[in-house]
Each structure stands twice: as structure tokens, then as C-alpha cells.
A.B. asks: 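Can you read through this structure? Questions will come right after.
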Amino acid sequence: MNGSELISFFNERCKLTDFEIRRKIYDLTNNLDIDLLYDLIEEYGTYVSCLKRKINLANGIDESNIYPAKHRLWTITRKQIYIDTHLKENIQTDVKEVEKERDYFLQIVRDLALRKISGMPKNSRQRNNSRFEWFIDEILDSNTDMYGYHDENLQKDDEITDLSDTTITAKIIYLEKLGIINYLRTQKPFSTSINSIATVLSAVTGAKVTSIQPLLNPLLGKDTHNKNNPLNSVKNVLSIEKTLINMGFEVK
């Protein structure tokens, strides 16, 4: 899947039948490879955002004030390059029609993605369900600029965010999403002892081991549906994943 193929597909999708759209998505994502699906969704978010800007500018509407002042010039410049490169020949003139097509297309992508996710192991299924819905919500937010998430130069200029008051549940989710807990599980004695992990994490987080232990047991054990499993807190998981993605971290 390359950029020119995606842009061509996005430009032509309104002329295709549902079957043709689904078949093309299968082809572009190697039979619904989950990472390629996320790439497709992210690229589509950028495409829609830039197309709407092009139409608004043609109608004398400059929505530049919706972008954060700190990165406004960078965002506008990047979008204009995208428009000049990929959307010069696009003749669409109605933002509402673009949004209608967006919603229709995303529903097809959603159906295919959820079908793929439903066949995954339980833990992967839970993680990807949350992550996928967040991706969709971001694209439906008309103010979103999908470019901002992975640009290293943008991240260097960002202010440091203090997360020191994070709850212990959120801290465990951060450690899990960053791969630290999984890494500990590959090392002795942590590979065979949840108690050892709880002990060392009490040193790292400053939380009492008696507070950490009830969170780790369902997270690392078989009782994944337990209410104490931090990953079952969908709101917390989505918020933390969004924070990490905005930093430029690739959430698994």
C-alpha cells in the first residue's frame, strides 16, 4: 500500500460500488492487516481534512483559527503541500457532501475492521476495539489534523506535560501500553511471579504493593474480565492511548 494508491482510491471511491470498495480495502491492506487498516484510516483522515480545507478556501472561508496557535503556520503549510500534491484535480465543491461520503466510507471500514478484530485473541480484541474507535472519533472531529501525531519536529517543540498526579490504575495502563510490564514478564523472577512485578512497580510508581497487586492479577492472569483489570476501564485506556499517540508513540 503506497500513498499514490490510497489517494487514487479515495478520489475514486464515490464512483465504486460497496463490493468494489470492500475488495479494494482488502487489496490495499493485505487482507485486512490490522496495522495497515490503521494506516489507511489515518491517511483517510488527512485526506478528508485537507479536502475540506481546499473547498472552504475556494469558497472564501479560511478556518485557520481552528488550529492551535503554536503550530498554526506549520499545519497550514503542510496541508497546502498535501492539497497541491494530491488534490489539485479533485473537483468536489461541497463540504457537507464530503462529510456524507466520509461517514459512509468509514462505516464500511468499521464493519471490515470489527470483523477482523472479532477473530483476535481476547486481549488483542479488547485493545484494538478501543484503539479503533478512537481513530474513527478523531477523523470525525473536523478540527483534527492527523499530521500532528507522528511529526518529530512538532513533538520537540511541544511543552512538557506533567502527569505526576496520575492514578495508580492509569500508571499501570501506561506501563502496559509502553510494553514495560510485558518486558518484565520475560525476565526472571518476574516471568513466574506477579508478586515480584508488584513489588518492583511499587518502587517505580510510589504506590503501595497492596494497591498494585489487585490490578496486576486480572491483567496478567486468566480472569481478564475482572472489574479490577485496568484495561477494562475503556475511558482511561482511550485517554492514555491518545496521550501516547500525541507524543509520537506507536500504541500496539
Side-chain angles (χ1 to χ4, degrees), residues 1-56 58 78-79 81-151 234 237-238 241-242 245 249-252:
M1 178 173 65
N2 59 53
S4 59
E5 282 184 297
L6 283 175
I7 300 302
S8 176
F9 172 48
F10 297 154
N11 281 330
E12 297 295 323
R13 75 201 180 287
C14 57
K15 301 176 184 178
L16 303 177
T17 65
D18 281 8
F19 173 77
E20 290 170 328
I21 291 174
R22 291 171 187 270
R23 184 174 63 181
K24 190 63 176 177
I25 292 173
Y26 267 91
D27 291 342
L28 289 170
T29 61
N30 292 339
N31 292 324
L32 304 185
D33 176 89
I34 195 65
D35 289 324
L36 290 180
L37 271 171
Y38 288 131
D39 289 344
L40 181 144
I41 294 168
E42 184 175 351
E43 184 65 37
Y44 186 65
T46 298
Y47 171 89
V48 170
S49 179
C50 291
L51 179 56
K52 288 170 65 177
R53 175 169 175 77
K54 178 192 175 188
I55 295 172
N56 282 331
R78 191 74 175 268
K79 283 194 170 187
I81 292 173
Y82 188 100
I83 290 169
D84 291 342
T85 303
H86 300 299
L87 301 177
K88 216 164 186 178
E89 305 304 320
N90 193 298
I91 61 173
Q92 289 178 273
T93 59
D94 188 340
V95 167
K96 290 190 179 297
E97 188 62 29
V98 170
E99 292 178 341
K100 182 180 177 181
E101 292 174 2
R102 174 202 63 191
D103 294 348
Y104 183 75
F105 178 75
L106 287 180
Q107 186 57 52
I108 293 177
V109 177
R110 186 195 299 270
D111 291 345
L112 292 175
L114 293 180
R115 183 184 306 170
K116 178 71 174 183
I117 292 170
S118 67
M120 292 179 171
K122 186 185 298 180
N123 286 343
S124 296
R125 186 166 65 245
Q126 291 174 336
R127 287 197 302 271
N128 280 287
N129 264 325
S130 299
R131 184 184 176 197
F132 175 75
E133 291 301 331
W134 178 84
F135 260 74
I136 294 293
D137 288 344
E138 287 297 291
I139 293 175
L140 293 176
D141 179 355
S142 60
N143 295 348
T144 294
D145 174 33
M146 298 300 282
Y147 271 131
Y149 296 130
H150 302 297
D151 188 85
V234 175
V237 170
L238 289 176
E241 287 186 342
K242 182 173 183 178
I245 290 171
F249 182 76
E250 184 176 349
V251 177
K252 301 295 185 181

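All figures in this text were calculated on a predicted structure; none of them were measured in a lab.
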A.B. asks: Does Ile108 have any side-chain contact (heavy atoms from CB on, under 4.5 Å) partners at least two apart in sequence or in another chain, and if so, which?
C.D. replies: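 With sequence neighbours excluded, Ile108 shows a side-chain contact (heavy atoms from CB on, under 4.5 Å) to Asp18, Ile21, Arg22, Ile25, Tyr104, Leu112, given in chain and number order.
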A.B. asks: Are the aromatic rings of Tyr47 and Phe9 close, with centres under 6.0 Å apart?
C.D. replies: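 No, too far apart.
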A.B. asks: What distance separates Glu99 CD from Asp94 CG, expressed to the nearest 0.5 Å?
C.D. replies: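 Answer for the CD-CG pair, Glu99 versus Asp94, is 9.0 Å.
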A.B. asks: Quick one: does Glu101's side chain get under 4.5 Å of Gln92's, heavy atoms only?
C.D. replies: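 SC-SC contact between Glu101 and Gln92 confirmed.
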A.B. asks: Under a 3.5 Å distance rule, please check whether Asn30 uses its side chain to pair with a backbone N or O of Asp33 as donor and acceptor.
C.D. replies: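 No; zero donor-acceptor contacts below 3.5 Å.
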A.B. asks: Using the side chain to side chain donor-acceptor pair (under 3.5 Å) criterion, which residues pair with Gln107? Sequence neighbours excluded.
C.D. replies: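 So Gln107 forms a side chain to side chain donor-acceptor pair (under 3.5 Å) with Asp111.
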A.B. asks: Within the distance-only criterion (no hydrogens, no angle test), does the side chain of Lys54 pair as donor or acceptor with the backbone N or O of Leu87 below 3.5 angstrom?
C.D. replies: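 Looks like yes, one N/O pair under 3.5 Å.
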A.B. asks: Is the shortest heavy-atom distance from the side chain of Leu28 to the side chain of Leu36 under 4.5 Å?
C.D. replies: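 Contact flag for Leu28/Leu36 side chains = no.
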A.B. asks: In terms of the angle between their ring planes, are Tyr44 and Phe105 parallel, tilted or perpendicular, with boundaries placed at 30° and 60°?
C.D. replies: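 Geometry flag for Phe105 against Tyr44: tilted rings.
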A.B. asks: Please check this pair: side chain of Lys116 against backbone of Leu37, looking for a donor-acceptor N/O pair closer than 3.5 Å.
C.D. replies: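 Checked: no pair found.
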A.B. asks: To the nearest 0.5 Å, how far apart are CZ in Phe10 and OG1 in Thr46?
C.D. replies: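 Answer for the CZ-OG1 pair, Phe10 versus Thr46, is 9.0 Å.
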A.B. asks: Which value, rounded to the nearest 0.5 Å, describes the distance between Arg102 atom CZ and Lys96 atom NZ?
C.D. replies: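 NZ of Lys96 is found 10.5 Å from CZ of Arg102.
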A.B. asks: Take Glu20 and Lys15 through the test salt bridge (charged side-chain N to carboxylate O under 4.0 Å, His left out) and record every step on the way to the result.
C.D. replies: CA-CA 10 Å; Glu20 290 170 328; Lys15 301 176 184 178; over 6 Å; no
A.B. asks: Please round to the nearest 0.5 Å and tell me the distance separating atom CD1 of Ile7 and atom NE2 of His86.
C.D. replies: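 If we round to the nearest 0.5 Å, Ile7:CD1 and His86:NE2 are 5.0 Å apart.
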A.B. asks: Just how far is it from atom NZ of Lys24 to atom OG of Ser8, taken to the nearest 0.5 Å?
C.D. replies: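 Between Lys24 NZ and Ser8 OG, I get 7.0 Å after rounding to 0.5 Å.
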A.B. asks: State the CG-CG distance between Leu51 and Asn56, to the nearest 0.5 angstrom.
C.D. replies: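 Reported to 0.5 Å precision, the distance equals 9.5 Å.
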A.B. asks: Restricting to side chain to side chain donor-acceptor pair (under 3.5 Å), what partner residues turn up for Asp84, sequence neighbours left out?
C.D. replies: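 Partners of Asp84 by the side chain to side chain donor-acceptor pair (under 3.5 Å) criterion, ordered by chain and then number, come out as Gln80.
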